[in-house]
Amino acid sequence: MPMKWRCSRFAIAAVVLGDLAWRAPDISFFLTDSGMLPRAELWRLDQNPYAWSVHALGGSWAWQAFVMMVQAVAAVALGVGWRTRWATVITWVLVVSLQTRNFQILQGGDVLLRCLLFWAMFLPLGARWSVDSRRTAGDPGSAGFSRVCSAASVCSAASVGISGLLKWHPAWHTEGSALWYALHLDQFATPFGRWLRGHETWLPWLGRAALALELFGPFLALCPWRNEWCRGAAVIAFMGFHLGLMMCLELGLFPYVCWAAWTVMVPATWWNRLIPRSAMHPPLNSGARPILPWWRETALLMLLAYVILWNARTVSFERVAQIFPRSANVVLEVPRLDQMWSMFAPYPLRDDGWYVAAASLSDGQRVDLITWLPPDERQPQGPPYATERWRKYLMNLYLPANAGWRPAALAALKRRWEDAHPGQLVLACELRFWRKTNRLRETPTIVVENFAHLP
C-alpha cells in the first residue's frame, strides 16, 4: 500500500466534509420540499430513469440534516481509516444521493468527486496510517506493499487526467481565444483573473500551454516506465495548473477535488523519503500481489472504456453510437459514472450575465430577493453570486431549455424571503436577467430579459 493512497484517503475525506460545510447554510432552499426543487418536481425534471437518492426519501430540513450528518460521520471514518471499505461505500452512496437530490446545482467538481469515490471502493485505502492497519497489524498478510498498480488506480487517475480530449476547437489551438473568453466570464473571474485578461498577448500562449498539459501530461503520469521523476513532474504541473485556475476563476469544489485526485499519482518513493519508514505502521513490504480478482479488474477497465466512449459520443455521435448506443447508458448511469470531461470544452461560454429579482414589500420597501439588498441593475464588479451552488443554479435558468424552471425559481425566492422576514410580505416581484454576450476584442452586447413575475 503506497503512501500516496494514505494521503488520498485524507484528501478525499476532507473534500467531502468541506462540501457538506459549504452546502449547510442552504439546506432549506436547495434540498427540502419548501425550497426551489420539491421532490415531485425533481422526478418530473430529472431525465435519468435510473436516478436514486436517499435524501429524496424525506422532504424536511431535519431529514436532510440527518442524512448529511451520517455522510459526515462516514467521511470521518474514511479519513481515519476505520472500516475503510465500508466507510468508502457509504460515503459514495450518500454523495451520489446528495447530488441526485438537486442536479440543478451540480458542477464538474461534483461529478469528479463521485467518480473518485467509486474507484476508491476498489483500492486498499486503509492499509496505512489507519485504525484498520493497527487492528490487523498482527496479520502478516496485511503488511501491504510499497506500490499499487491496479485497474482501479488507473481508472482513478484517468478520471481526472484526460480532460483535454474534448477541446479540439480552434478557440484552444489555432485561434487561441479560449482563455480570453474564460477570463471574460464575470461570473467566474477573480480579481487576479480580471488583471490577467488585460494582458491579451499572453492569453493565447497560456491557453495553448494549458491544452498541451491536459493532452500530454497524463501520459507522463500514467507511463509504464519506472521513472518517478516523470510522474512527479506531471503531478506538480497539474497541481500548479489547478492552483492557477483557482487564482483566476471561481470554480467552487473543482480544484480541491482535482488536488485530492492528483495525490494518487505522487510517487510512493517520494513519500517514503519525506516520512521515515520507522514512522509507518505496519512496515512496508516490497512485495506485491493482486488487489482484486482478474475478472473484477477487467470489469473496472471496461467501465473506464465506457466512460471514454461516453465522451467520444459527444464528438462523433453516429460512429460511436454503433459501439455504445443510448440503450447502454444504464451501464454508467446506475453507478453514476456518467462523467463528462467538459470543463470549458469544446470552448468556453460566450454568454455571461447577472440577475435582479426585484420585489415590492408590504411595508413599502423594495428588495432584491437574491441578494436581500436594494435592487441594483448595474453590472456587479465581482462574481455576482454568493456561492458556486447559487451561480450554477441561476446560470442554468438562463438556458432556453430550462425556461420552465423560472416561475418556480421566483416563487422559491419569495418563500425564502418571507420565511426569514416574518411580516414583510412580497406583494409583487419580477425576475430579470441581464445577458452579456462576449465577442473577441469587441464591446460585449447586453440584453435584458424578463424571465418571470409574481403574482
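Computed from heavy atoms alone, side chains included, the values below leave out hydrogens, waters and symmetry copies. Keep in mind that what you see is a predicted model, and the values were worked out from it rather than measured.
A side-chain donor-acceptor contact under 3.5 Å links Arg85 to the backbone of Leu123. No donor-acceptor pair closer than 3.5 Å links the side chain of Asn438 to the backbone N or O of Asp351. A donor-acceptor pair under 3.5 Å links the side-chain atoms of Arg101 to the main chain of Leu37, judged by distance alone. Between the side chain of Ser97 and the backbone N or O of His55 there is at least one donor-acceptor pair closer than 3.5 Å. Listed for the Arg391 side chain is no donor-acceptor partner under 3.5 Å among the backbone atoms of Tyr385. Under a 3.5 Å cut-off, the side chain of Asn402 and the backbone N or O of Tyr398 do not form any donor-acceptor pair. Here the side chain of Thr190 pairs a donor or acceptor atom with the backbone of Gly193 at under 3.5 angstrom. Using modelled atom types, one side-chain atom of Gln107 and one backbone atom of Leu251 make a donor-acceptor pair closer than 3.5 Å. A distance-only check finds a donor-acceptor pair linking the side chain of Tyr181 to the backbone of Leu440 [under 3.5 Å]. A donor-acceptor pair under 3.5 Å links the side-chain atoms of Gln99 to the main chain of Asp110, judged by distance alone.
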### Query
Hey, mind stepping through Val356 and Trp434 against side-chain contact (heavy atoms from CB on, under 4.5 Å) and telling me if it holds?
CA-CA 8 Å; Val356 174; Trp434 276 254; 3.8 Å; yes
### Query
So Asp352 and Gln187, side-chain hydrogen bond (donor to acceptor under 3.5 Å, both in side chains) or not? Walk me through it.
CA-CA 7 Å; Asp352 197 11; Gln187 60 181 288; 3.1 Å; yes
### Query
Which is it for Lys167 and Glu214 under the side-chain contact (heavy atoms from CB on, under 4.5 Å) test, yes or no, and what are the steps along the way?
CA-CA 10 Å; Lys167 291 179 179 173; Glu214 290 186 89; 2.8 Å; yes
### Query
Given Trp22 and Leu253, is the side-chain contact (heavy atoms from CB on, under 4.5 Å) satisfied, shown in steps?
CA-CA 9 Å; Trp22 291 332; Leu253 195 67; 3.3 Å; yes
### Message
side-chain contact (heavy atoms from CB on, under 4.5 Å), that's the test. Do Leu116 and Leu112 meet it? Break it down for me.
### Response
CA-CA 6 Å; Leu116 285 177; Leu112 179 57; 4.1 Å; yes
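Between Met36 and Arg415 the shortest side-chain heavy-atom distance does not fall below 4.5 Å. Considering only heavy atoms from C-beta on, Leu410 stays 4.5 Å or farther from Phe451 through its side chain. Counting heavy atoms from C-beta outward, Thr437 and Val447 have side chains that stay 4.5 Å or more apart. In this structure, the side chains of Leu98 and Leu31 come closer than 4.5 Å at one or more pairs of heavy atoms. You'll find the side chain of Ser53 stays beyond 4.5 Å of the side chain of Phe103, heavy atoms only. Here the side chains of Leu249 and Leu183 are in contact, with some heavy-atom distance below 4.5 Å. Two residues are said to be in side-chain contact when any heavy atoms from C-beta on lie closer than 4.5 Å; Tyr256 and Met246 meet this criterion. Contact of the Leu431 side chain with the Tyr355 side chain is registered, since non-hydrogen atoms from C-beta on lie closer than 4.5 Å.
Going from atom CH2 of Trp262 over to atom CH2 of Trp259 covers 14.5 Å, rounded to the nearest 0.5 Å. The distance from atom CE of Met302 to atom CG of Leu309, rounded to the nearest 0.5 Å, is 10.5 Å. Rounding to the nearest 0.5 Å places CD of Glu250 at 13.0 Å from CG of Leu185. Note: Leu300 CG to Leu304 CG = 9.5 Å, rounded to the nearest 0.5 Å. To the nearest 0.5 Å, atoms OG1 (Thr445) and NZ (Lys436) are separated by 10.0 Å. Rounding to the nearest 0.5 Å gives a distance of 4.5 Å between CG of Leu78 and OG1 of Thr88.
Partners of Trp61 according to the side chain to side chain contact (heavy atoms under 4.5 Å, CB included) rule, which considers only residues two or more places apart in sequence or in another chain, are Ile27, Ser28, Thr32, Ala65.
Salt bridge status for Asp338 with Arg114: present, with a side-chain N to carboxylate O gap under 4.0 Å. A salt bridge does not link Asp26 with Arg389: none of the charged nitrogens is closer than 4.0 Å to a carboxylate oxygen. Salt-bridge annotation for Arg23 and Asp19: present, with a side-chain N of the basic residue lying under 4.0 Å from a carboxylate O of the acidic one. Taking the charged nitrogens against the carboxylate oxygens, Arg432 and Glu449 have no contact shorter than 4.0 Å, which rules out a salt bridge.
Taking the six-membered ring where the residue is Trp, His184 and Trp180 present parallel rings, their angle staying beneath 30° rather than reaching 60°. A tilted orientation is assigned to the rings of Phe324 and Tyr306, their planes being inclined by 30° to 60°. Ring geometry for Tyr347 against His169 counts as tilted: the plane angle lies between 30° and 60°, on a 0 to 90° scale. Using the six-membered ring where Trp is involved, Trp390 and Tyr393 have ring planes that are perpendicular, over 60° apart on the 30 and 60° scheme. Taking the six-membered ring for Trp and thresholds of 30 and 60 degrees, Trp372 and Trp417 have ring planes more than 60 degrees apart, a perpendicular arrangement. Relative ring orientation between Phe188 and Phe344 is described as perpendicular, the plane-to-plane angle rising above 60° on a 0-90° scale split at 30° and 60°.
When all heavy atoms are compared, the tightest approach of Val257 to Gly109 is CG2-O, 3.7 Å. Considering all non-hydrogen atoms of both residues, Ala234 and Gly217 come closest at CB-O, 3.7 Å. Between Trp310 and Glu333, the closest heavy-atom pair is CH2-OE2, 3.9 Å. In plain terms, the two heavy atoms of Phe10 and Gly79 that are nearest each other are CE2-O, 2.9 Å. The nearest pair of heavy atoms linking Trp92 to Pro335 is CZ2-O, 3.2 Å. In terms of heavy atoms, Ala210 sits closest to Phe241 at CB-CE1, 3.6 Å.
Both tests pass for Arg208 against the ring of Trp205: distance under 6.0 Å to the centre and angle within 45° of the axis. Both the sub-6.0 Å distance and the 45° axial angle are not jointly satisfied by Arg336 relative to the ring of Phe118.
Residue pairs meeting the salt bridge (Lys or Arg N to Asp or Glu O under 4.0 Å) criterion with at least one member in residues 302-314, sequence neighbours excluded, do not occur.
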